[in-house]
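Some notes on the structure that comes next.
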Amino acid sequence: MRNGIPNLSALQAFEASARLGSFSRAAEELSLTHSAVYRQVASLEARLGVELFTRVRRRIVLTDHGAEYAGRIRHHLDQIEKDTFGLVSRTGMGRSIHIAVVPTLATTWLIPRLARFQEAQPDITVSLSVRTLPFQFKDQPFDGALYHGDGIWPGTQGALLFPERELVPVCAPHLAAGLAEEGGAARATERGAAPLPGLMHLHLASRPDAWRQWYTANNHVYGPQAAGGPRYELFTMVMAAVQAGLGVGLMPRFLAQPALDAGTLVMPVPQSLAVSQGYYFGYPQRSERSGALRVFEDWLRAQA
């Protein structure tokens, strides 16, 4: 008997309340009543002798100790879930792996190809979760990660799947037609001239300097008109905004190429921005890869 371990239900109630910032929302997620979640958290605080939340009217805010404990408990609950899922998969459905992915690459490149993998490896279940920032595998319940970056993460091993190569400006055809009528395309070849006059520039939040770099690389002045456009969190959002005619966006060519080939998007000017980053697959350096992870990595390299 492990007397030092609190009740699992209390830990789940605390983690959900910390993550959602509300006892009511935690109760809804856990299919419990508000009072049941409150009692679980209060009993946990009493057992630990530590205040995990400060309560201000109807709001709850994690204390410093509570925030640290919540992160650790979340990691362990994720690991329990992963281990349980892995056991069930191995005994009932076969092998399983859990991969962290950047969202746009997952939805536009990986998931459309996964049916081929399932046909070839029906006993391997591939679960995906979104992570947009680098992380340490020891703190996350993942077997591997498919990410965008400058190289292999420290403490990991893996391989470059493919380089990004270049970002290209794309917009809806009617916006490019209007630009051509105003002579914008011709001015794009003039040193220092505004190459995309009147077009709203759409920015990716994780690459805030991309448009500035494009302007500099192509000898244009980066002014307020280019800098003042809206920011979007994901490339899929930028793509949707471009297709809706909201403005011009900088997209990786490999993501934009199908729409360019179909004519639903066009490049209003021919200049691109060369980039050195690429898409990598990595996994912990010191842990032995499972057979399923080795098979998945081999398949990824073949696809890339």
Within a strict 4.5 Å, meaning less than it, do heavy atoms of the Thr125 and Arg95 side chains meet? no

Does the side chain of Val242 come within less than 4.5 Å of Val248's, by heavy atoms? no

Is Arg231 reaching over with its side chain to a backbone N or O of Gly229, donor-acceptor style, under 3.5 angstrom? yes

Could you check whether any side-chain heavy atom of Tyr69 comes within less than 4.5 Å of a side-chain heavy atom of Leu11, counting everything from C-beta outward? yes

Ring centres under 6.0 angstrom apart (Trp153, Tyr147): yes

Measure across Leu265 and Met239 and return the closest heavy-atom pair with its distance rounded to 0.1 Å. CD1-SD, 3.4 Å

Val170 side chain reached by Val266 side chain, heavy atoms, under 4.5 Å: no

Can you check salt bridge (charged side-chain N to carboxylate O under 4.0 Å, His left out) on Glu15 and Arg19, steps first, answer last? CA-CA 6 Å; Glu15 187 279 330; Arg19 174 166 40 84; 2.8 Å; yes

Taking Leu133 as the starting point, is it possible to reach Val102 by hopping between hydrophobic residues whose side chains are less than 4.5 Å apart? no

Assess the residue pair Glu166 and Val168 against the criterion (side chain to side chain contact (heavy atoms under 4.5 Å, CB included)); give the C-alpha distance rounded to whole Å, side-chain angles, the decisive distance to 0.1 Å, and a yes or no. CA-CA 6 Å; Glu166 61 179 347; Val168 296; 4.1 Å; yes

Taking a hydrophobic cluster as the set of Ile, Leu, Val, Met, Phe, Trp and Tyr residues connected by side-chain heavy atoms closer than 4.5 Å, whether directly or through intermediates, do Phe53 and Leu20 fall within one such cluster? no

Angle between ring planes, Phe281 versus Tyr283, binned at 30° and 60°: parallel, tilted or perpendicular? tilted

Any side-chain heavy atom of Leu202 sitting closer than 4.5 Å to one from Pro230? yes

So, does Thr264 use its side chain to make a donor-acceptor pair with the main chain of Ala259 at under 3.5 Å? yes

With side chain to side chain contact (heavy atoms under 4.5 Å, CB included) as the test, would you mind laying out the steps for Leu167 and Arg253 before giving the verdict? CA-CA 6 Å; Leu167 302 180; Arg253 181 180 283 278; over 6 Å; no

Geometric class of the Tyr38/Phe23 ring pair [parallel <30°, tilted 30-60°, perpendicular >60°]: perpendicular

Pairing of Arg301 and Glu297 as salt bridge, 4.0 angstrom limit: yes

If I take atom CD from residue Gln303 and atom CZ from residue Arg113, how far apart are they, to the nearest 0.5 angstrom? 6.0 Å

Shortest non-hydrogen contact between Leu273 and Ala210, atoms and distance: CD2-O, 3.7 Å

Using modelled atom types and a 3.5 Å cut-off, is there a donor and acceptor pairing between side-chain atoms of Gln225 and backbone atoms of Leu199? yes

Is atom CD of Glu28 surrounded by more than 12 heavy atoms (other residues, nucleotides or ligands) closer than 6.0 Å? no

Please examine the side chains of Trp214 and Leu250, heavy atoms only from C-beta on, and report whether any two atoms are closer than 4.5 Å. yes

Nearest heavy-atom neighbours spanning Ser17 and Val41: OG-CG2, 4.1 Å

Rounding to 0.5 Å, atoms CG (Asp143) and OG (Ser290) come to a distance of 6.0 Å

Examine Trp109 and Ile111 and state if one hydrophobic cluster contains both, with Ile, Leu, Val, Met, Phe, Trp and Tyr joined whenever side-chain heavy atoms are less than 4.5 Å apart. yes

Val126 to Leu128 - nearest heavy-atom pair and separation: CG1-CD2, 3.9 Å

Look up atom CZ in Arg72 and atom CZ in Arg74, then write down how far apart they are to the nearest 0.5 Å. 13.0 Å

Spacing of CD belonging to Gln277 relative to CG belonging to Asp150, to within rounding of 0.5 Å: 4.5 Å

Does Leu161 reach the side chain of Leu146, with side-chain heavy atoms less than 4.5 Å apart? yes

Any idea how Trp211 and His203 line up, ring-wise: parallel (<30°), tilted (30 to 60°), or perpendicular (>60°)? perpendicular

Enclosure of Met200 CE (heavy-atom neighbours >12, cutoff 6.0 Å): no

Start with the C-alpha gap between Glu164 and His148, add the side-chain angles, then the distance that decides, and say whether side chain to side chain contact (heavy atoms under 4.5 Å, CB included) holds. CA-CA 9 Å; Glu164 194 170 57; His148 175 267; 3.3 Å; yes

A quick test of your reading: do over 12 heavy atoms of other residues, nucleotides or ligands sit less than 6.0 Å from CG of Asp64? no

Applying ring pair (Phe, Tyr, Trp, His ring centres under 6.0 Å) to His201 and Tyr215, what does each step give before you reach the verdict? CA-CA 12 Å; His201 288 52; Tyr215 270 72; 5.7 Å; yes

Take Glu45 and Arg39, measure what salt bridge (charged side-chain N to carboxylate O under 4.0 Å, His left out) needs, and give me the verdict at the end. CA-CA 10 Å; Glu45 289 179 313; Arg39 287 196 302 271; over 6 Å; no

Joint hydrophobic cluster, Val130 plus Phe137, side-chain heavy atoms closer than 4.5 Å: no

Short side-chain to backbone donor-acceptor contact, Asp209 and Arg212, under 3.5 Å: no

Contact between Arg207 and Phe235 at the side-chain level, heavy atoms closer than 4.5 Å - yes or no? yes

To the nearest 0.5 Å, atom CG of Leu293 lies from atom CD1 of Ile124 at 9.5 Å

Please tell me whether Glu51 and His65 have a donor and an acceptor in their side chains that are separated by less than 3.5 angstrom. no

What is the minimum heavy-atom distance between Phe14 and Gly66, and which atoms define it? CZ-O, 3.5 Å

Any donor and acceptor pair, going by atom type alone, linking the side chain of Asn218 with main-chain N or O of Gln271 inside 3.5 Å? no

Closest contact, heavy atoms only, Pro268 versus Pro169: CD-O, 3.5 Å

Quick one: do Leu52 and Val61 end up in the same hydrophobic cluster if we chain Ile, Leu, Val, Met, Phe, Trp and Tyr together by side-chain heavy atoms under 4.5 Å apart? no

Given side chain to side chain contact (heavy atoms under 4.5 Å, CB included), test Arg55 with Arg59 step by step and report yes or no. CA-CA 6 Å; Arg55 297 155 176 85; Arg59 295 178 60 248; over 6 Å; no

From Ile80 CD1 over to Leu8 CG, what is the distance, rounded to the nearest 0.5 angstrom? 6.0 Å

How about Arg165: does its CZ atom have over 12 heavy atoms from other parts shown lying under 6.0 Å from it? no

